[in-house]
Trainee: 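I'd like to ask you about the structure that follows.
Chain A is the first sequence line, chain B the second, and so forth, proteins listed ahead of strands; every chain is numbered from 1. Heavy atoms only: backbone and side chains are in, while hydrogens, waters and symmetry mates are out.
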There are 2 protein chains.
Amino acid sequence: MSERNDRKSARATADLVAREANVSRVAVSRAFNPNASLKPEKRDRILQIARELNYTPDMAARSLVTRRSHLVGMIVPDVCSPWESQEIDTLTTALQAEGFATLLFKAKADFSMDHTLLTYMRGFNPDSVIAFTENVEPDVLTGFLDRAVPIYVIYDDGAQFADKSSSLYDRLLVRQRDGIEQAIALLQGYGVRRVAYLGGKRQSLANRERERMITEILAERGMQPPTVIDSDYTYDTAYRATLDLFRVEDGADAIFAANDVGAFGAIDALRHDLGLSVPGDVKVVGFDDIPQSHWKAYNLTTVRIDLEDRVRALVRLILRRLRNPEDGPLTETLGTRLVVRGTVG
Amino acid sequence: MSERNDRKSARATADLVAREANVSRVAVSRAFNPNASLKPEKRDRILQIARELNYTPDMAARSLVTRRSHLVGMIVPDVCSPWESQEIDTLTTALQAEGFATLLFKAKADFSMDHTLLTYMRGFNPDSVIAFTENVEPDVLTGFLDRAVPIYVIYDDGAQFADKSSSLYDRLLVRQRDGIEQAIALLQGYGVRRVAYLGGKRQSLANRERERMITEILAERGMQPPTVIDSDYTYDTAYRATLDLFRVEDGADAIFAANDVGAFGAIDALRHDLGLSVPGDVKVVGFDDIPQSHWKAYNLTTVRIDLEDRVRALVRLILRRLRNPEDGPLTETLGTRLVVRGTVG
DNA sequence: CATCAAAATGAAAACGTGTTCACTTACAAT
DNA sequence: ATTGTAAGTGAACACGTTTTCATTTTGATG
């Protein structure tokens, strides 16, 4: 019976707490706002009663007048990807500590950032939005700029973006050249002549950047241009693409994968289907350094983008913009470096 | 210049749209509420103008009067775990299609569902909450029942919970006995005598259930009780625990892991550190059937809990409760079955 | 004791929406 | 032409909070 009543009883409001504590509703509001001035003993008493009544300020009502929703929107094509799930996890933890909650949306698998989705999302008034899709068009985001909602686009190097309107947004710049150079130097040191690039998604900006950069560096070092095989960042596609490379095409001495998961697919195809040894017959290098990469079954040599650094930079950007929205856009830069393990030696 | 102004310009409100379209603000509200009655041509005109003005109803304001936030809270200890990330991904997609957004919170790694976190989360007024931590205490949730916010606790079999107050909540029941029986039958068929159970987190209810059930079934079949080794669902811990099992303890013929990732750790320890063959010397069975389990490097035989079924059942429960909150609690049941691959043959 | 600045207080006005409730219009049936 | 009914309309209120601003209380200073 009482359970039933409890269940139906309305949520405690500031008014109820005020009545119970013999103060005005304003005092209750102040008690929950740390920088408001209120007699300490009074605040304590209010908080005490609030706790007894299980009262929490209603975020919806608060955000209506504050213009701050304390929500950070994240748009993700695939939560299951180890790389993205790591990012979500770490970001959510960091933001949660700062009092922000994560609002998660799933984008279409083909990376197309739907306008409907953005509009829908805007209804929730996120204080900030993080787009994981690197290929998002700047003009799609433009409609978002009202009410000073800042957008952070994550992509790598992004020479293409440099002169476009995206300079309006805060950016995270990943300098992947260093890591790629180290990797190719290592491969060349082992006498590799024919490198294949196992690509990621066609639309992915990071993917195109990586392909361009690998081609460039190979040329600089007097090596022949890479054989490029298409894939989509997934294990299965990478597996099949690798089979094609060796059965239809004429193989390679080394495979440079656009991401670690793709490298796993390549390794398994080589070892379990083609009967080739890694790193004996073919060397493999990945990209990202996800936790699985140190698993003994793969023990992957890979270009590392430090997650901790990345998230720290991201949180720094977000909090800065939330605190003073009028500041000009800022760019944070991140480096990469090769982590040497067992798939090249 | 105009960019600057756009940026600062306030977001379009229903009032603005109404003024622009020469209708009352109420008409605008109705235009966005499909079941409200409004002359079709009028609605079209309003929607047209709304689109031009980039207007979307403010969810905060709407939820204030509707008592529906269209938010579904999810509490997750580790987004990176393949099992959980899959669940988040599929659930978010399904709920998004129904007009709900995912509000993501990270619980402490030790599974302790913090009361502070729940209180904080309640401030956002989620229409529903999904707790991935199976060990959450019912009384912690009780404070949540006001305002008819339903809670869905996910756990397996949960005999312990049957008679407790948790019968207040809708539940998802996973019948893992079938799958476990099939697995043990298969092992016995291959002449396995000594089975080790590589556990998950101590606090995890699912883990304790699995241990109990394995012990029970082994006894029923006249086999000796399992050696139980502690772990925490992670690769690294499982790896070390397996080393201990064979170096400190006296080994086993088969390892039954509490989850697939743990099984990977065991396999790698056996193959790359202990010099044992899988399945030649030791057979391995996992739990979950995550996508990685079919990767050739592991090719794991495992007890499958079908994700699609699971999410469908979950969404069914959530939507039902959202539509008529007064209904009594319901329990959905899910089966399990063994997926035979290469680690037992 | 008087005076004044500073701190604490509460009434009222927002914030942007959905909903009620009378009211008007439109249209078919008598 | 008249009635009856349904559908369409808009003014006013409600949702729970923060913020302003004028007012009261406090506490220290002369």
Trainee: Round to the nearest Å and state the distance from A:Arg45 atom CZ to C:dA8 atom P.
Mentor: 15 Å
Trainee: Once you round it to whole Å, what is the distance between P of C:dC15 and CZ of B:Arg25?
Mentor: 12 Å
Trainee: Whether A:Arg67 contacts C:dG16 is assessed here as follows: a side-chain N or O lying under 4.0 Å from the phosphate OP1 or OP2. Is that the case?
Mentor: yes
Trainee: Can you work out whether B:Arg30 or B:Ala61 has the more 5'-proximal nearest nucleotide on DNA chain D?
Mentor: B:Arg30
Trainee: Select base, sugar-phosphate, or nothing to describe what B:Tyr55 touches, counting heavy atoms under 4.0 Å on all strands.
Mentor: sugar-phosphate
Trainee: On DNA chain D, compare the nucleotides closest to A:Arg62 and B:Val65; which residue's is nearer the 5' end?
Mentor: B:Val65
Trainee: Report the distance from atom CZ of A:Phe32 to atom C1' of D:dT19, rounded to the nearest whole Å.
Mentor: 18 Å
Trainee: Has A:Lys39 got a side-chain N or O lying under 4.0 Å from the OP1 or OP2 atom of D:dT25?
Mentor: no
Trainee: Would you mind reading off the distance between A:Asn22 atom CG and C:dA8 atom C1', rounded to a whole angstrom?
Mentor: 17 Å
Trainee: I'd like to know if A:Asp170 pairs up with A:Arg320 as an ion pair, taking the criterion as any Lys NZ or Arg NE/NH1/NH2 lying under 4.0 Å from an Asp or Glu carboxylate oxygen.
Mentor: yes
Trainee: Nearest 0.5 Å please: distance from the CG atom of B:Leu103 over to the CD1 atom of B:Ile130.
Mentor: 11.5 Å
Trainee: May I ask you to say whether A:Glu87 pairs ionically with A:Arg310, meaning some side-chain N is under 4.0 Å from a carboxylate O?
Mentor: yes
Trainee: Taking only N and O in the side chain of B:Lys42, is any of them less than 4.0 Å away from OP1 or OP2 of D:dG10?
Mentor: yes
Trainee: Identify the heavy atoms of B:Val28 and B:Ala14 that sit nearest to each other, and give their distance.
Mentor: CG2-O, 3.8 Å
Trainee: Any idea which of C:dT9, C:dG16, D:dT19 is nearest the A:Ser29 side chain?
Mentor: D:dT19
Trainee: Check this one for me: any side-chain N or O of A:Thr13 less than 4.0 Å away from OP1 or OP2 of D:dT17?
Mentor: yes
Trainee: Without decimals, in angstroms, what is the distance between B:Leu64 CG and D:dC15 P?
Mentor: 9 Å
Trainee: Can you measure B:His70 atom NE2 to C:dG16 atom C1' for me and round it to whole angstrom units?
Mentor: 16 Å
Trainee: Could you check whether B:Phe32 and B:Tyr55 have their ring centres less than 6.0 Å apart?
Mentor: yes
Trainee: Roughly how many Å is it from CG in A:Leu53 to C1' in D:dG16, rounded to a whole number?
Mentor: 15 Å
Trainee: Can you check whether B:Asn33 has a side-chain N or O nearer than 4.0 Å to OP1 or OP2 of C:dT19?
Mentor: yes
Trainee: In whole angstroms, how far is the C1' atom of C:dT17 from the CG atom of B:Asn125?
Mentor: 15 Å
Trainee: Would you tell me if any nitrogen or oxygen in the side chain of A:Thr66 comes within less than 4.0 Å of OP1 or OP2 on D:dT18?
Mentor: no
Trainee: Side-chain N or O of B:Ser24 less than 4.0 angstrom from OP1 or OP2 on D:dT9?
Mentor: no
